[in-house]
Amino acid sequence: MPIKTVKEAINDALVQSFENDKNVILMGEDIAGGKGREQYRGTQDAWGGPFGVTQGLFTKFGGERVRDTTIAEAGFFGAAVGAAMTGLRPIVELMYVDFAGVCFDQMMNQAAKVRYMFGGKQKVPMVVRTVVGAGFRAGSEHSQTLYSLYTHIPGLKVVAPYDAYDAKGLLLSSIQDDDPVIFMEHKRLYMTSCEVPDDLKPIPLGKGKIRKNGSDVTIVAIQRMNLFAEEAAKELENNNISCEIIDPRSYSPLDEDLIYTSVKKTGRVIIVDESNPKCSLASEISSLISENCFSDLKSGVIKITAPHTPVPFSPPMEDFYIPSSKKIGNAAKELLNA
Amino acid sequence: MPIKTVKEAINDALVQSFENDKNVILMGEDIAGGKGREQYRGTQDAWGGPFGVTQGLFTKFGGERVRDTTIAEAGFFGAAVGAAMTGLRPIVELMYVDFAGVCFDQMMNQAAKVRYMFGGKQKVPMVVRTVVGAGFRAGSEHSQTLYSLYTHIPGLKVVAPYDAYDAKGLLLSSIQDDDPVIFMEHKRLYMTSCEVPDDLKPIPLGKGKIRKNGSDVTIVAIQRMNLFAEEAAKELENNNISCEIIDPRSYSPLDEDLIYTSVKKTGRVIIVDESNPKCSLASEISSLISENCFSDLKSGVIKITAPHTPVPFSPPMEDFYIPSSKKIGNAAKELLNA
Amino acid sequence: MLDKNKLDWIYNKLFTIRFFEERIKKIAKEKSVPGYLHTCIGSEAICVGVMAALNKDDWISSTYRNHGHAIAKDCNLNQITSEIYGRSTGICKGRGGSMHISDFDRGMLGSFGIVAAGPPVVLGAALQEKINNGSKNSVSFFGDGAIHNGAFHEAAGLAKLWNIPMLFVCENNGYAEATATDWHLNTKELSDISKAYDMIAYSGNGNDVFEVFNLTNKALKESRNKQTPIFLEFKNYRFSGQYEGDTQLYQPEEEIENAKKNDPIKLAIDNAKNHNLTKDDIEKYKKNALDTVNSAFDFADTQPWPKGEDALEEVYVNYPREVN
Amino acid sequence: MLDKNKLDWIYNKLFTIRFFEERIKKIAKEKSVPGYLHTCIGSEAICVGVMAALNKDDWISSTYRNHGHAIAKDCNLNQITSEIYGRSTGICKGRGGSMHISDFDRGMLGSFGIVAAGPPVVLGAALQEKINNGSKNSVSFFGDGAIHNGAFHEAAGLAKLWNIPMLFVCENNGYAEATATDWHLNTKELSDISKAYDMIAYSGNGNDVFEVFNLTNKALKESRNKQTPIFLEFKNYRFSGQYEGDTQLYQPEEEIENAKKNDPIKLAIDNAKNHNLTKDDIEKYKKNALDTVNSAFDFADTQPWPKGEDALEEVYVNYPREVN
Ligand SMILES: Cc1ncc(C[n+]2csc(CCOP(=O)(O)OP(=O)(O)O)c2C)c(N)n1
Ligand SMILES: Cc1ncc(C[n+]2csc(CCOP(=O)(O)OP(=O)(O)O)c2C)c(N)n1
Ligand SMILES: [Mg+2]
Ligand SMILES: [Mg+2]
């Protein structure tokens, strides 16, 4: 089976979606790149976004469907809402999720609400592809995750794949979905790879995945945190602690049953989220477990998150900011001594 | 002692702050009103915002300090950040918190982060006054609470008073505070009243309040939900259930100790939040209790929130949407039978 | 000369909107409907004139001040009224209310409560038409106050850059809430705002339904021929307050009196003879409109309330209900 | 004729910025610094020319492309370099990095990573000066790409409406990332954007430090006298890529070659004789600048890393640390 990076897997899913449905279009800043210099050899597809994820699409599908924009996110996010209502399946790229604030109204009040508040006649089949995450030494305004801002809003769906397999399968689904989906890609995962079948079927939104079976403690890991959860789990085997790792993959809707089943088994839970702690996904999942699995719990649900600070630039501080396998391991050990 | 409505108490706090500190200014849409028609008798202070809360300030303090704006929230919120850094104490009015999305970047990436990411030399002593809440038949785009959007962001403080006493005391503090504060006023509370001493001292941010002592169950109530908590508590007395009601008043920072002390005593918790459930304040507080008070808990922490839907317009649906004293009462009864 | 059907339609709509809003204002005073009401007395000619130039299935966006647009876009008046009353047979099933009256089946993309939320959405619809070689026109309605908002500017810039045929229709009614337009404008003419985008712009008398109609027609053709957006400003006067309950003290009496001379309904009646319409015709239109309005309110009055749990419907497409 | 001190300052700064950026580019190639780097080769004359017209404590905002602004605003070069290296003695204590180099004590309100975040913030500083009858000037730097963003428009509109003296300084360097300005502009001239606000606007050659200086001086005076904002466009060329690592394939070689003829450093050297500066003077400036740059990098190299927990400092004013 072919090995693909997350970046390639996403590009594949885009190409496949463009081929299967002529209503799929893509808008964003320099998602092609080289605009105004197309005449210059080889530059009509010069960028593919800052990470090159969309490279090649312009050449394959042309400028009607692969549209470079100006730095006007409120403009083209709103346009995606209107285009989606009237028949297209627009994908818009929010270059970094840190820019969410310049076009949050379009998602919160239009994309998410038009169907509901106008009586159910419209649908808004659009996807926001955006890049999240720390660990790139990109500073306070290019490193946030902000999962919970979107998850809080009814009418939006929120998806965040960990590996290339899920990235492709979930993106295919997101583009086919009839509701607005926020699809979050972690910049530190782009170059990670795994086997991805060419004929991979869309993976339904709202279904989590057990990444590792175990019996002593459930680790619910948000996106990149699966990496550290796996590291910790391996290490904890030496202590005879068996971890079950759950990757919810989608946060709205959330696969609550998968989590509850695991908690029933282990009675101990650690949730790992790279986000700031307050009102985070970690908070949300913890509160659900507390309300729905209390009698199964042997101890309180532990949240491991970033601190309540912006993302610092300097490597030692940023490394401190990001949850680590060590923190997970220590928490698990403490839970099992308790 | 004089009886004041929340609306009057806020106006008092504003007047007092304007008098005590000439650096305090106010910006917003029609916070004075009548601009361009000042020559017309009696209209120079025609509105005071849509709820009349700031009425009179323009007449008292003049147009340099009480500035009507255009519908350009990103513009004047950014201006507040710059004015705050350079010596003023601007208050900006976000007419309804539902408009948060058009100026979220200014709060999330500038107001909240400049101090941290530029090395700690700046401070941003600004206050955002905004109106939240359902129950006004104001529909999906004028009824949200959105507490958790701001609470999630490090660098911001979030305050939401319930009664007139707290409204005045907390607003005085917020204006004196050297950090950016989101001050949330509930539209359904404006006309409620209580005793407010004229010489009320600023109430420190981050200190919650026990609204009622009790021993069986702790109800943590967010802003207007204190009303329903009190109603439920009264009703529950008939069932010999004694409720302790805690109003955190400030959500960032949060008075965790006050909550934990109560949970230690009662072992049972209901959190009532008018917001949508996912990644809400209710989730946050529940997760903190789970992590910090597990051994004190007799059952899982219950969240009573709005459903995961936009706010509907029609009275029966909106009433269904808003948590009720009945839901609180039922939950408490269930907890105590368990 | 306009054909008789068109004239009938135009006059019927003008009176229907005016009578509807007058009735709503009365009801608002009696406080017998829930929520906010933003009526549009003084805007009838803009609503009707623009819509007269559009096809039934063309795309528009409106705002919280949408009754006139919805009526002119041929939305069902019974359903509109039922919505304002919060009943389950409302045009948005009672979930929207007065601020969000909208019917997608009539080409209404939405009535947005957020100022300047509409222009980007209409840009998207127009983009879709362009990509699919569609034939529907796309028109965004917004107020004079909205031109200061970033979302308007971003939509205008992209529309020009992408050569998207669409109309930005600005209703300059003299006020944004309690703020007079002559105070909030930075330029001599409101339409100068379009110079930032080198966008074609026209201004017209928003009180004259025929001028509005002709200018819109012309702009639609030019926009399509040149594949470019066009900015239209229609000047009129907001006789209504910002919302029902607004004291309107800031609107000088002389100003209102002056504006009354150009009341769009009055002008349309004055103009009737130019279109070979008699006094009788006008009386017929009025009676017709009043009947329609009356029966809409009678209808709404008898309609059932939604159930509380109906609030859970249609948040998403592919699962019917959110449980809580 | 400019006095010698000013001339010394201008030439020293020009060379310092150029040499600093060249050194950074080299280091970036060796991948020995963390994170993103946006260098400003080609912008030196704008940075230095504008700042030469400002007082030390005047307010400015910059962007992620801030090295030149920071150097010209007399920020400490050792601390700048240390920041880029992520060290604890950095100008932002290592918390900012290259994109956020900024020193409030030198009047830098901030280097913002969000396009067009700066103009509203500078508007606020200028408003404060106006309210307090202060004397500091307020200048916002941004790129050609930023003029499409709503935040710019909202700031421009409010500045005009409120009669706020400030400068909107747009560096038109031909590109917004990989997108050429001649593609993304809707108007013939970039400065036409200011027509939406009836704002005074001037364009100048951004490669000629003296033209930049004179135009800025003139604009500052006029802005203050008329109590109005002014839009300044300076045209130059972005020799650097969007960021270090950018292939720049979309920048045609002929275009780069052509632009080199107007390289701001070359132009400044050519102009030297008009200011009675000799070849020796130039060599002295160069040496001076190179020494300053070298010692800054030497300094940074030896600086201590912050501790991980230092990340917890200074989120808020009134409590020092957030616990987690
Ligand atoms: C982003 C945003 N800011 C503020 C408001 C509050 N608001 C509602 S209507 C209005 C005035 C709009 O004036 P105009 O655009 O002239 O439209 P008109 O009401 O005159 O039709 C304002 C400020 C809003 N709805 N959205
Ligand atoms: C709101 C926002 N959208 C997108 C970006 C990504 N971005 C960073 S720089 C840039 C181009 C800016 O071009 P220009 O304004 O011309 O400045 P220059 O880099 O040429 O100095 C873009 C799109 C951003 N930082 N902020
Ligand atoms: Mg208006
Ligand atoms: Mg540029």
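Every value quoted in this text rests on a predicted model; they were computed, and no experiment measured them. Residue numbers start from 1 in every chain, and the chains themselves are labelled A, B, ... in the order their sequence lines are given, proteins ahead of strands.
Two residues are said to be in side-chain contact when any heavy atoms from C-beta on lie closer than 4.5 Å; D:His100 and A:Glu141 meet this criterion. Between A:Trp47 and D:Asp246, some side-chain heavy-atom pair lies under the 4.5 Å cut-off. At a threshold of 4.5 Å between non-hydrogen side-chain atoms, the residues D:Leu312 and A:His308 do not count as touching. D:Pro34 has its side chain within reach of A:Phe313: a pair of non-hydrogen atoms, C-beta onward, lies under 4.5 Å apart.
Ring-plane geometry between D:Tyr36 and A:His142 is classed as tilted, the angle between the planes lying from 30 to 60 degrees on a 0 to 90 degree scale.
Inspection of non-hydrogen atoms places D:Tyr250, D:Gln251, D:Pro252, D:Glu253, D:Glu254, D:Glu255 of residues 250-260 of chain D under 4.5 Å from chain A. Chain A is approached within less than 4.5 Å, heavy atom to heavy atom, by D:Glu83, D:Ile84, D:Gly86 from residues 77-88 of chain D, ordered by number. Residues of residues 237-244 of chain D having a heavy atom under 4.5 Å from any heavy atom of chain A, listed by number: D:Gln242, D:Tyr243. Of residues 168-177 of chain D, those residues lying under 4.5 Å from chain A by any heavy-atom pair are D:Tyr175, D:Ala176, D:Glu177.
The nearest pair of heavy atoms linking A:Ser314 to D:Pro306 is OG-CG, 3.3 Å. Closest heavy-atom contact between D:Ala180 and A:Arg37: CB-NH1, 3.3 Å. Pairing each heavy atom of A:Tyr40 with each of D:Leu249, the nearest pair is CE2-O, 3.2 Å. Closest approach of D:Asp182 and A:Gly36 over heavy atoms only: OD1-O, 4.3 Å. Across all their heavy atoms, D:Trp183 and A:Asp68 have their closest contact at CH2-O, 3.5 Å.
If you tally non-hydrogen atom pairs under 4.5 Å between each of D:Gly35, D:Gly308, D:Ala146 and chain A, the highest count goes to D:Gly308.
If you take NE2 on D:His148 and CD on A:Glu29, they are separated by 10.5 Å, rounding to the nearest 0.5 Å.
Proximity to chain D is absent for every atom of A:Ala74, based on heavy atoms less than 4.5 angstrom apart.
Between the side chain of D:Asn149 and the main chain of A:Ile71, a donor-acceptor pair closer than 3.5 Å is present.
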